[in-house]
Amino acid sequence: MSEKVIKPDLRFVKSVVNSGGDSLKKCYQCATCSVVCNVTPEENPFPRKEMIQAQWGLKEDLFRNPDIWLCHHCSDCTAYCPRGAKPGEVLGAIRKMSLEHYSRPGFLARMVNDPKYLVLLLALPVVIFLLIASGFSSLNFSEIPRGEYGGIVFSNFIPVMTRGEKLAGGLVGSVITTIGEILGHGRFRKCDLTRPRSTSHMLVLFSFIGLAVTTTWALIYLYGLGWDSPYPMTDPLKVLANLSAIALLVGVGLVIANRVNKAEKAGMGSYYDWLFIGVVATIVVTGALSELTRLGNIAGLAYPIYLTHLVAVFFLFAYAPFSKMAHMVYRTTAMVYARTAGRK
């Protein structure tokens with residue numbers, strides 16, 4: 001009979017505790033978490049096994065385990081845990097550590113998830129955009145050239161964003177089904193304690209899709225048709241963009257409200273969670289204020305707010321592989337794998 005030698009990594013256990021899983025050692029393996037979870041598979045259910053793997057410091061077993069990504073952090077397990085071990089929070093910490101483990105360069109992943117580096121990470125895009133802007137326009141916002149009718153034109157702040165040359169031009173079934181499940185938020189609706197998250201998360205998801213469509217649409221206007229911004233408020237592009245922005249604003253507001261209202265039972269979340277929420281909220285708020293101050297022709301406010309908006313967008317996408325936004329890829333991959341392997 002073969003025997004597996006367990007080699008606990010005590011440093012890993014301490015890292016889980018320090019990364020937001022401080023309740024880990026309260027778990028006494030009663031399995032309540034796996035029983036109450038509505039999204040776990042019937043065979044080898046989570047999060048019980050992940051809790052004991054974390055307690056034993058079995059880092060490689062955890063990081064190779066797609067189940068940590070099948071968990072949607074419903075927090076039903078946390079609410080019903082008789083010991084207050086908060087399995088949802090522990091798995092959230094493990095997901096964060098998994099990103100740090102697999103992301104390259106690793107130091108950047110650690111910086112993104114450590115609050116003491118936030119100012120430095122924000123300073124990078126600020127310097128980049130100010131250097132670009134200083135090469136094309138005045139950083140005295142009142143002196144930036146106005147549009148044809150005297151209005152604010154953000155593309156005059158950073159002219160490289162204006163019109164230029166045209167831009168160069170079994171598993172499948174699981175992928176299609178998984179995409180349908182993600183769009184329909186079927187798994188979120190199985191949650192009991194945090195079921196309202198399905199509405200807020202759906203608003204955020206579809207508003208992101210809408211804004212991605214409008215961004216592509218704007219590129220077609222600029223580089224395909226040669227139409228410079230700003231566009232009329234009645235243009236279909238602007239209508240879709242504004243509706244998507246409103247949906248994102250409402251969605252993020254609901255996300256914050258749900259987390260605060262369910263904090264006692266579900267946990268407040270870690271810096272890893274709130275950084276992503278904060279960046280998305282900053283993007284939508286500064287985007288809306290940029291448009292309003294542009295329409296109000298308030299250059300002294302419009303350009304600084306627009307710069308803040310650009311910095312937040314840069315932060316979201318440049319650091320995406322190292323932040324919670326990466327869950328879009330990791331969780332989707334885990335869901336496809338689970339369906340392909342028959343682990344529904």
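Using a distance-only test at 3.5 Å, with no hydrogens or angles considered, a donor-acceptor pair links the side chain of K49 to the main chain of N44. Proximity of a side-chain donor or acceptor of D235 to a complementary backbone N or O of P232 within less than 3.5 Å is not detected. Between the side chain of S290 and the backbone N or O of T286, at least one donor-acceptor pair lies under 3.5 Å. Using modelled atom types, no side-chain atom of N65 and backbone atom of D61 make a donor-acceptor pair closer than 3.5 Å.
Residue V239 comes nearest to M233 through the heavy atom pair CG2-O, 3.8 Å, listed as atom of the first residue, atom of the second, then distance. Shortest non-hydrogen contact noted between Q55 and L24 is NE2-O, 3.2 Å. Closest approach of V36 to C77, counting heavy atoms only: CG2-CA, 3.9 Å. Smallest separation of non-hydrogen atoms from Y28 and P82: OH-CG, 3.7 Å. For the pair M97 and S15, the tightest heavy-atom approach, listed with the atom from each and the gap, is CE-CB, 3.4 Å. Closest approach of P87 and C81 over heavy atoms only: CD-CB, 4.3 Å.
Under the side-chain contact (heavy atoms from CB on, under 4.5 Å) criterion, A288 pairs with no residue at all, not counting sequence neighbours. For K59, there are no salt bridge (Lys or Arg N to Asp or Glu O under 4.0 Å) partners, not counting sequence neighbours. Applying the side-chain contact (heavy atoms from CB on, under 4.5 Å) rule to H201 yields the partners H185, F188, H327; only residues at least two apart in sequence or on another chain are considered. Residues that satisfy the salt bridge (Lys or Arg N to Asp or Glu O under 4.0 Å) test with K86, not counting sequence neighbours, are absent from this structure.
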N/O donor-acceptor pairs under 3.5 Å from side chains in residues 103-112, not counting sequence neighbours:
{"residue": "S103", "atom": "OG", "partner": "L99", "partner atom": "O", "Å": "2.5"}
{"residue": "S103", "atom": "OG", "partner": "P321", "partner atom": "O", "Å": "3.1"}
{"residue": "R104", "atom": "NH1", "partner": "H101", "partner atom": "O", "Å": "2.9"}

What pairs of donor and acceptor atoms, side-chain ones from residues 245-261 against any protein atom, are under 3.5 angstrom apart with sequence neighbours left out?
{"residue": "N258", "atom": "ND2", "partner": "L254", "partner atom": "O", "Å": "3.1"}
{"residue": "N261", "atom": "ND2", "partner": "A257", "partner atom": "O", "Å": "3.1"}

Taking distance alone, no hydrogens or angles, what donor-acceptor pairs closer than 3.5 Å link side-chain atoms of residues 204-214 to residues at least two apart or in another chain?
{"residue": "S207", "atom": "OG", "partner": "L203", "partner atom": "O", "Å": "2.8"}
{"residue": "S207", "atom": "OG", "partner": "V204", "partner atom": "O", "Å": "2.8"}
{"residue": "T214", "atom": "OG1", "partner": "G210", "partner atom": "O", "Å": "3.4"}
{"residue": "T214", "atom": "OG1", "partner": "L211", "partner atom": "O", "Å": "2.7"}

Check the pair L307, L130 against side-chain contact (heavy atoms from CB on, under 4.5 Å), reporting the backbone distance first and the verdict last. CA-CA 8 Å; L307 174 62; L130 287 179; 3.6 Å; yes
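For residues 23-34, there are no salt bridge (charged side-chain N to carboxylate O under 4.0 Å, His left out) pairs, not counting sequence neighbours. Applying the salt bridge (charged side-chain N to carboxylate O under 4.0 Å, His left out) test to pairs two or more places apart or on separate chains, those with a residue in residues 91-101 are K96-E100. Applying the salt bridge (charged side-chain N to carboxylate O under 4.0 Å, His left out) definition to pairs two or more places apart or across chains, those involving residues 112-130 are D114-K116. Within the structure, salt bridge (charged side-chain N to carboxylate O under 4.0 Å, His left out) pairs that include any residue of residues 13-24 do not occur (at least two apart or interchain). Pairs engaging residues 258-302 under the ring pair (Phe, Tyr, Trp, His ring centres under 6.0 Å) rule: none recorded [sequence neighbours left out].
Rounding to the nearest 0.5 angstrom, the gap separating the CD atom in Q29 from the SG atom in C27 is 4.5 Å. For the atom pair OG1 (T293) and CD1 (I305), the distance works out to 4.5 Å, reported to the nearest 0.5 Å. If you take CG on D9 and CD on E60, they are separated by 8.5 Å, rounding to the nearest 0.5 Å. Rounded to the nearest 0.5 angstrom, Y330 OH and Y102 OH are separated by 8.0 Å. Atom CD1 of I179 sits about 8.0 Å away from atom OG1 of T332, to the nearest 0.5 Å. In this structure, E89 CD and T78 OG1 are separated by 6.0 Å, a value rounded to the nearest 0.5 Å.
Residues V329 and Y337 are members of separate hydrophobic clusters, defined by side-chain heavy-atom contacts under 4.5 angstrom among Ile, Leu, Val, Met, Phe, Trp and Tyr. M335 and F63 end up in different hydrophobic clusters when Ile, Leu, Val, Met, Phe, Trp and Tyr side chains are linked at under 4.5 Å. Cluster annotation: M328 is not connected to I68 through the hydrophobic network of ILVMFWY side chains, with a link wherever side-chain heavy atoms come within less than 4.5 Å. Note on V13 and M51: same hydrophobic cluster, where clusters join Ile, Leu, Val, Met, Phe, Trp and Tyr whose side-chain heavy atoms are under 4.5 Å apart, directly or indirectly. V16 and L10 fall into different hydrophobic clusters, defined by Ile, Leu, Val, Met, Phe, Trp and Tyr side-chain heavy atoms under 4.5 Å apart, directly or through other members.
Between F315 and Y319, the two ring planes are perpendicular [angle over 60°; tilted spans 30° to 60°].
Open room surrounds CH2 on W56; 12 or fewer heavy atoms of other groups in view lie less than 6.0 Å from it.
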